[in-house]
Amino acid sequence: MLPTIEGIYHNLYRTYGPQYWWPADTPFEMMIGAILVQNTAWTNVEKALDQLKDHLDPRAIHELSDQELESMIRPSGFYRMKTQRIRAFLSWYEMYDYDPKRLASKSTKELRQELLHIKGIGSETADSILLYAFNRHVFVIDAYTKRIFNRIGFDLDEKYEAIQQFFEMHLPKKVSIYNEYHALIVEHAKRFCKTKPLCEQCPIRTSCRQLI
DNA sequence: TTCCAGGTTC
DNA sequence: GAACCGGGAA
């Protein structure tokens with residue numbers, strides 16, 4: 001018998017405690033972090049954000065040349081590409097005067113569509129922004145989610161939205177749970193459910209099919 | 001020193 | 001399916 005999605009949540013929460021995501025001081029910093037973390041370890045994003053810290057404001061970034069921005073975010077990798085993605089994001093955000101309050105009246109679906117139309121923002125980045133910058137109830141799916149739950153015994157090989165729907169269907173519709181759950185998944189994937197998993201020491205091994 | 005992990009676009 | 005990338009692990 002497979003454990004339930006909600007049961008695994010409680011198990012992880014009991015193990016790791018609350019994660020208080022996203023690690024950012026402002027919604028804007030969160031959104032920049034979401035772009036920088038694409039295909040990248042968070043430790044490298046921290047270095048990039050640290051070098052950007054005096055410019056962590058949309059107008060300040062707008063003032064930077066491509067070359068300056070590229071060199072500041074270099075440690076996060078894919079820096080030329082990410083510079084262009086930040087530019088594309090900023091020109092969308094500028095239409096709302098860089099003011100998240102101006103986006104508050106949009107439905108989640110509408111906001112998601114707008115984010116997805118920005119070149120360089122795909123499903124995962126859009127949903128991270130919706131959840132962690134706008135507090136919308138959207139469950140974020142990433143490579144860690146698929147890896148952990150496939151190992152546990154679920155069959156998550158469908159496309160992004162289908163997997164997302166599956167999680168949302170099995171969870172209470174609460175932003176706080178979506179927020180913590182994704183953060184806990186990331187923590188668990190980094191500590192134990194790595195590419196090369198540490199099953200012997202895994203705190204949730206008893207509910208995992210991988211080990212049996 | 002090479003190898004690996006990882007979202008998005010085209 | 002390749003290309004984009006720096007940093008940490010092997």
Side-chain angles (χ1 to χ4, degrees), chain A residues 19 21-24 28-53 55 61 64-93 111-134 136 138-152 156-167 178-179 181-202 210:
Chain A
Q19 304 296 303
W21 269 30
W22 179 290
F28 182 70
E29 183 181 345
M30 185 279 145
M31 298 186 266
I32 295 300
I35 293 171
L36 294 180
V37 81
Q38 293 171 352
N39 310 0
T40 306
W42 182 253
T43 50
N44 296 339
V45 176
E46 281 180 325
K47 289 170 196 158
L49 285 173
D50 193 54
Q51 306 199 67
L52 257 186
K53 67 176 181 296
H55 310 268
I61 290 186
L64 298 172
S65 66
D66 279 355
Q67 215 173 28
E68 289 171 316
L69 186 51
E70 284 175 3
S71 74
M72 284 189 253
I73 67 171
R74 197 164 201 277
S76 75
F78 304 95
Y79 58 92
R80 290 189 205 90
M81 182 184 247
K82 285 174 180 175
T83 290
Q84 293 317 307
R85 291 180 180 184
I86 288 171
R87 294 275 187 237
F89 169 74
L90 279 182
S91 56
W92 168 77
Y93 203 29
L111 192 49
R112 186 173 199 269
Q113 277 313 112
E114 291 206 17
L115 288 168
L116 288 175
H117 280 123
I118 301 169
K119 194 186 282 188
I121 296 193
S123 319
E124 185 185 332
T125 307
D127 288 343
S128 300
I129 290 174
L130 288 169
L131 177 60
Y132 292 108
F134 292 97
R136 305 300 180 105
V138 171
F139 196 86
V140 178
I141 303 299
D142 65 353
Y144 294 152
T145 311
K146 293 179 202 160
R147 183 164 80 206
I148 292 174
F149 287 85
N150 276 325
R151 282 176 179 164
I152 290 175
L156 300 187
D157 289 319
E158 313 123 271
K159 65 180 228 256
Y160 186 97
E161 277 78 8
I163 300 174
Q164 179 177 53
Q165 231 191 335
F166 175 75
F167 276 86
Y178 289 9
N179 178 319
Y181 206 166
H182 177 65
L184 288 164
I185 285 169
V186 172
E187 184 64 14
H188 182 60
K190 287 185 182 163
R191 300 257 282 259
F192 298 97
C193 210
K194 306 155 168 279
T195 315
K196 198 173 168 328
L198 305 173
C199 295
E200 300 72 22
Q201 313 154 48
C202 176
Q210 173 88 355

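Lettering follows sequence order; numbering is per chain, from 1.
Rounded to whole Å, the P atom of C/dA10 lies 14 Å from the corresponding atom of B/dG6. On the P atoms, B/dT8 is 23 Å away from C/dG8, given to the nearest whole Å. Rounded to whole Å, the P atom of B/dC4 lies 15 Å from the corresponding atom of C/dA2.
In this structure A/Asn39 satisfies the side chain to side chain contact (heavy atoms under 4.5 Å, CB included) test together with A/Phe78, sequence neighbours excluded. Under the side chain to side chain contact (heavy atoms under 4.5 Å, CB included) criterion, A/Tyr79 pairs with A/Glu70, A/Ile73, A/Arg74, not counting sequence neighbours. Residues satisfying the salt bridge (charged side-chain N to carboxylate O under 4.0 Å, His left out) criterion with A/Glu124, sequence neighbours excluded, are absent altogether. Remark: A/Asp157 engages A/Asn150, A/Asp155 in a side chain to side chain contact (heavy atoms under 4.5 Å, CB included) (not counting sequence neighbours).
Closest non-hydrogen pair, A/Ser65 versus A/Arg87, comes out as C-NH2, 3.4 Å. Here the closest non-hydrogen pair linking A/Lys82 and A/Gly77 is CD-O, 3.3 Å.
A/Tyr160 comes within contact range of no nucleotide atom at all, as no heavy-atom separation falls under 4.0 Å. Across all strands, A/Lys82 comes closer than 4.0 Å to no nucleic acid atom at all (heavy-atom distances). If you check every strand for non-hydrogen atoms under 4.0 Å, A/Arg80 touches sugar and phosphate atoms only. As judged by a 4.0 angstrom heavy-atom cut-off over every strand, A/Ile118 is placed among residues touching the sugar-phosphate backbone only.
Nucleotides of DNA chain B nearest to A/Gln38 and A/Lys196 differ in position, and the one nearer the 5' end is that of A/Lys196.
Nucleotides of DNA chain B lying under 4.0 Å from heavy atoms of chain A occupy a range whose first and last members, 5' to 3', are B/dA5 to B/dC10.
Of the candidates A/Gln165, A/Lys146, A/Lys159, A/Lys146 is the only one forming a side-chain contact (heavy atoms from CB on, under 4.5 Å) with A/Ile141.
Using cut-offs of 30° and 60° for the angle between ring planes, the A/Phe167 and A/Phe149 rings count as perpendicular. Between A/His182 and A/Tyr132, the two ring planes are tilted [angle within 30° to 60°].
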Interface polar pairs with nucleotides 6-10 of chain C, N/O, under 3.5 angstrom:
unit_1	atom_1	unit_2	atom_2	d
C/dG6	OP1	A/Arg74	NH2	2.9
C/dG7	O4'	A/Asn44	ND2	3.3
C/dG8	OP1	A/Lys47	NZ	2.7

